[in-house]
Amino acid sequence: MKKIGILTSGGDCAGLNAVIRAVTLSAIQKYGWTVCGIHQGTHGLMRRPVDAVKLDLSFCTGNLLRQGGTVLGTTNKGDPFAYPLADGTVKDLSEEVIEGYRLLKLDALIGIGGDGSQDILRRLAQQGGMNLVAIPKTIDDDLSHTEHSIGFMTATNVATEALDRLQPTAASHDRVMILEVMGRDAGHIALASGIAGGADIILIPEIPYQMEKIAHKIKTLRQSGRNFALMVVSEAVGTESGEKSKIIDLEGRSRYGGISHYLANRVTELTGAETRFTVLGHVQRGGQPIFQDRVLASAFGTHAVDLIAQGKFDRMVAWQNRQVVDVPIQQAIAGYQAVDVNGSLVKTARALGICFGDENF
Ligand code: F6P
């Protein structure tokens with residue numbers, strides 16, 4: 001009988017609880033193991049007593065499958081290798097995390113995270129001889145070797161719904177509506193939601209744009225009798241001179257946000273159109289997971305448990321060709337899945353007449 005730990009790390013997203021549920025159900029029902037839920041990622045392993053709770057079958061009943069966020073809590077700051085202390089210095093607390101794993105007497109750890117979290121967890125596992133299996137999650141969908149990560153499809157669905165809501169108000173007021181979506185340095189959410197939500201213009205960081213091409217598209221739409229336009233922009237798109245729009249918080253940490261404001265002003269300058277912009281933000285991360293994320297979470301969670309049963313560690317579960325498979329964590333985090341500018345979705349969008357700001361439509 002084994003005792004396994006599970007933690008969520010990095011930004012939350014829809015579908016994390018469905019993974020926790022799948023791991024718990026499968027570990028207990030299929031293998032008769034004990035499952036330990038660790039709170040707030042590696043922070044829970046650093047605390048004394050270790051901040052963890054036993055997960056049993058009663059924990060998995062009711063709402064867990066449907067619930068947004070992560071019941072275990074998470075964090076996207078506090079790298080244990082350079083942990084920020086109150087006095088402004090940083091300290092290597094990696095041994096404390098490893099000791100936490102030992103204090104819990106774990107046989108293996110399942111870490112649900114994006115590339116940054118997986119990198120940290122892998123280094124901890126190597127240093128401390130921890131048996132690690134990783135599950136990919138990120139609304140950005142930028143992890144390589146898996147067609148999708150947990151959270152992306154729900155986030156894209158939210159962005160699509162936002163376009164559904166913006167279209168009637170755009171048409172009512174003869175406006176150009178700009179929707180700014182997340183995705184960090186990858187344009188997957190913008191591209192997929194733009195196609196699904198009937199956008200006229202999609203701007204993604206992978207395709208450089210020119211304002212004149214965007215203005216041309218809006219004018220052409222007007223000439224064809226259309227009184228509104230919908231534009232989706234990925235948060236990492238820069239200004240025409242390539243400057244990224246960033247927000248710096250009081251701790252000095254920066255994140256993307258605000259490029260839609262700049263674009264709205266430029267569209268008005270060049271076309272005279274009335275514009276409004278919406279920054280969708282963390283709405284994309286919360287809420288119930290849609291069915292695709294629940295299915296993916298269930299397949300990933302149960303496969304991760306099977307890997308532990310087989311003694312296969314240092315691997316990440318992945319989705320490829322309609323199957324759940326597993327790949328070395330190192331391989332998955334070494335690559336990066338940006339939008340393929342020659343891929344099917346970009347071709348589809350162009351064939352629909354969607355403008356990426358790089359050619360005249
Ligand atoms: O990586 C996921 C993500 O939601 C990005 O799309 C976004 O840029 C970032 O996290 C926001 O981070 P935070 O939760 O720290 O605001």
Side-chain angles (χ1 to χ4, degrees), residues 7-17 19 40-43 68-70 72-79 82 84 111-121 134-144 146 148-162 179-194 202-206 232-238 243-262 277-290 293 296-297 316 332-333 335-339:
L7 59 79
T8 46
S9 180
D12 75 324
C13 63
L16 294 176
N17 289 324
V19 179
Q40 278 196 293
T42 49
H43 288 193
T70 162
L72 294 178
T74 187
T75 178
N76 60 2
K77 49 187 185 181
D79 174 357
I112 312 169
D115 55 352
S117 299
Q118 291 194 20
D119 181 38
I120 289 171
L121 288 171
I135 298 183
K137 70 88 218 164
T138 167
I139 66 164
D140 307 340
D141 220 18
D142 54 0
L143 268 157
S144 70
T146 184
H148 291 303
S149 294
I150 302 292
F152 164 71
M153 286 179 274
T154 302
T156 303
N157 201 49
V158 171
T160 305
E161 280 180 14
L179 177 68
E180 179 176 322
V181 298
M182 283 184 167
R184 215 159 256 170
D185 295 298
H188 298 293
I189 299 177
L191 178 57
S193 66
I202 299 175
L203 300 187
I204 56 175
E206 293 87 346
V232 188
V233 56
S234 193
E235 61 179 357
V237 166
E243 207 180 312
K244 303 282 181 176
S245 181
K246 292 198 169 178
I247 298 158
I248 316 280
D249 66 21
L250 290 175
E251 292 166 27
R253 285 161 40 101
S254 77
R255 60 182 189 277
Y256 290 123
I259 187 63
S260 53
H261 188 183
Y262 165 86
F277 63 91
T278 303
V279 181
L280 203 51
H282 294 78
V283 172
Q284 294 158 97
R285 297 233 304 250
Q288 289 195 333
I290 59 170
D293 272 320
L296 196 64
M316 183 189 87
I333 58 180
Y336 183 75
Q337 181 169 250
V339 167

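Residue indices begin at 1 and follow the sequence shown. Start at 1 and go down the list; that is how both ligands and their atoms are numbered.
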Note to self: Can you list every protein residue that has a heavy atom under 4.0 Å from any atom of ligand 1, sorted by chain and residue number?
What the structure shows: Asn76, Ile139, Asp140, Met182, Gly183, Arg184, Glu235, Arg255, His282, Arg285
Note to self: Donor-acceptor pair, distance only, cut-off 3.5 Å: does the side chain of Lys137 make one with the backbone of Gly11?
What the structure shows: yes
Next item on the list: Would you confirm whether Asp141, through its side chain, and Ser149, through its main-chain N or O, come within 3.5 Å as a donor-acceptor pair?
Entry: yes
Item checked: Partner residues of Phe277 under the ring-ring contact (aromatic ring centres under 6.0 Å, His included) criterion, sequence neighbours left out -> His261
Item checked: Test salt bridge (charged side-chain N to carboxylate O under 4.0 Å, His left out) applied to Arg285 - qualifying residues, sequence neighbours left out -> Asp12
Next item on the list: Identify, with sequence neighbours excluded, every residue that meets salt bridge (charged side-chain N to carboxylate O under 4.0 Å, His left out) alongside Glu251.
Entry: Lys77
Margin query: Checking the side chain of Asp140 only, and the main-chain atoms of Met182 only, is there a donor and an acceptor separated by less than 3.5 Å?
Written below: no
